[in-house]
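To start, the structure itself, in structure tokens.
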Amino acid sequence: MANSFINIYSGNPTEGGTDGTVISTDGAQTAPLVVNLDASQNEVKKVKLGIRCESGYITSGDTVIRDNNDTNDRWKFSLSENGAYADSITISAAISTVNTIFWAQASSSSLESPTRDTTVSLQVSTVIQASS
């Protein structure tokens with residue numbers, strides 16, 4: 001299920017486009033962000049994501065994206081694929097009804113047992129207003 005104001009999209013979204021697969025916001029994992037990692041290899045993968053508002057809305061001010069419940073500190077974010085990755089990113093430009101691209105990086109550790117971790121969620125903090 002999508003949010004009625006702003007959503008994150010996976011599936012190689014295009015900057016300035018309206019493509020991608022909306023990541024579920026209902027907590028039921030109906031369309032989760034999936035990253036398969038080989039923990040025995042301490043694998044790291046980067047995933048291109050897009051964020052955009054639904055029709056009739058736009059953000060006002062900064063938009064902060066971070067993870068929620070990442071107890072092993074395995075998720076990081078960047079504004080570009082080869083940029084610096086951190087626990088959160090801030091998008092200063094207004095987000096409208098077309099994709100603004102950012103990157104997520106997931107990592108694994110050989111010290112962990114293989115698992116399907118569904119406890120981590122992405123959190124978006126922003127102010128949304130009606131567009132004119």
Side-chain angles (χ1 to χ4, degrees):
M1 182 170 126
N3 186 295
S4 45
F5 301 110
I6 192 167
N7 287 289
I8 295 176
Y9 297 81
S10 63
N12 197 27
T14 306
E15 177 74 35
T18 58
D19 56 341
T21 303
V22 69
I23 295 173
S24 58
T25 61
D26 59 4
Q29 306 294 318
T30 53
L33 174 60
V34 176
V35 180
N36 293 310
L37 301 170
D38 183 346
S40 70
Q41 300 297 314
N42 294 312
E43 194 169 18
V44 175
K45 286 186 181 176
K46 297 175 184 178
V47 181
K48 183 180 178 185
L49 299 171
I51 184 169
R52 69 177 183 261
C53 288
E54 294 301 315
S55 180
Y57 298 96
I58 191 167
T59 62
S60 174
D62 290 345
T63 298
V64 177
I65 301 170
R66 65 175 46 103
D67 61 62
N68 184 37
N69 205 31
D70 181 14
T71 58
N72 292 322
D73 201 28
R74 300 279 182 228
W75 286 91
K76 303 290 182 190
F77 304 93
S78 179
L79 296 173
S80 64
E81 181 178 14
N82 297 314
Y85 283 79
D87 290 330
S88 68
I89 56 170
T90 300
I91 300 171
S92 297
I95 297 171
S96 66
T97 57
V98 296
N99 292 329
T100 296
I101 300 300
F102 69 98
W103 292 80
Q105 176 179 278
S107 63
S108 62
S109 168
S110 60
L111 301 176
E112 297 174 321
S113 298
T115 185
R116 181 174 184 236
D117 185 358
T118 60
T119 62
V120 179
S121 60
L122 303 184
Q123 180 179 0
V124 177
S125 300
T126 194
V127 173
I128 298 173
Q129 64 186 32
S131 58
S132 49

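Hydrogens, waters and symmetry mates are skipped; everything else that's a heavy atom, side chains included, is used.
Residues Ser78 and Ala84 come closest through the heavy atom pair OG-O, 3.2 Å. When all heavy atoms of Asn99 and Arg52 are compared, the pair lying nearest together is OD1-NH1, 2.6 Å. In plain terms, the two heavy atoms of Gln129 and Ser60 that are nearest each other are OE1-CB, 3.4 Å. In terms of heavy-atom proximity, Pro13 sits nearest to Gly50 at CG-N, 3.3 Å. In this structure, Glu43 and Asp38 approach most closely via the heavy-atom pair OE1-N, 2.5 Å.
Legend: ring-ring contact (aromatic ring centres under 6.0 Å, His included) pairs involving residues 41-76, not counting sequence neighbours, sorted by first then second residue: Phe5-Tyr57.
Apart from Val44 itself, the hydrophobic cluster it occupies contains nothing, where clustering links Ile, Leu, Val, Met, Phe, Trp and Tyr at side-chain heavy-atom distances under 4.5 Å.
For the atom pair CG (Asn69) and CG (Asp117), the distance works out to 8.0 Å, reported to the nearest 0.5 Å. One distance of note links CD1 of Ile6 with OG1 of Thr63; it measures 5.5 Å at 0.5 Å rounding. Atom CZ in Arg74 sits 4.5 Å away from atom OG in Ser109 (nearest 0.5 Å). Once rounded to the nearest 0.5 Å, the distance linking OG of Ser107 with CG of Asp73 reads 7.5 Å. Summarising the geometry, atom CG belonging to Asn42 is positioned 9.0 Å from atom CD belonging to Glu112; distances are rounded to the nearest 0.5 Å. Note that CD1 of Ile23 is 4.5 Å distant from OG of Ser10, once rounded to the nearest 0.5 Å.
Criterion: ILVMFWY side-chain heavy atoms under 4.5 Å apart, direct or through other members. Under it, Val35 and Trp103 are not part of a common hydrophobic cluster. Hydrophobic clustering keeps Leu49 apart from Ile101 (ILVMFWY residues linked when any side-chain heavy atoms are closer than 4.5 Å, directly or through intermediates). By the rule that hydrophobic residues join a cluster once side-chain heavy atoms approach within less than 4.5 Å of another member, Ile8 and Ile58 end up as members of separate clusters. By the rule that hydrophobic residues join a cluster once side-chain heavy atoms approach within less than 4.5 Å of another member, Leu122 and Ile128 end up as members of one cluster.
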With side-chain contact (heavy atoms from CB on, under 4.5 Å) as the test, would you mind laying out the steps for Phe77 and Asp67 before giving the verdict?
-> CA-CA 9 Å; Phe77 304 93; Asp67 61 62; 4.0 Å; yes
side-chain contact (heavy atoms from CB on, under 4.5 Å) between Lys46 and Asn82: does it pass, once the steps are laid out?
-> CA-CA 9 Å; Lys46 297 175 184 178; Asn82 297 314; 3.7 Å; yes
Do any side-chain atoms of residues 85-98 form donor-acceptor pairs under 3.5 angstrom with protein atoms, and if so which ones, sequence neighbours left out?
{"from": "Tyr85", "atom 1": "OH", "to": "Glu81", "atom 2": "O", "distance (Å)": "2.8"}
{"from": "Asp87", "atom 1": "OD1", "to": "Lys76", "atom 2": "NZ", "distance (Å)": "2.5"}

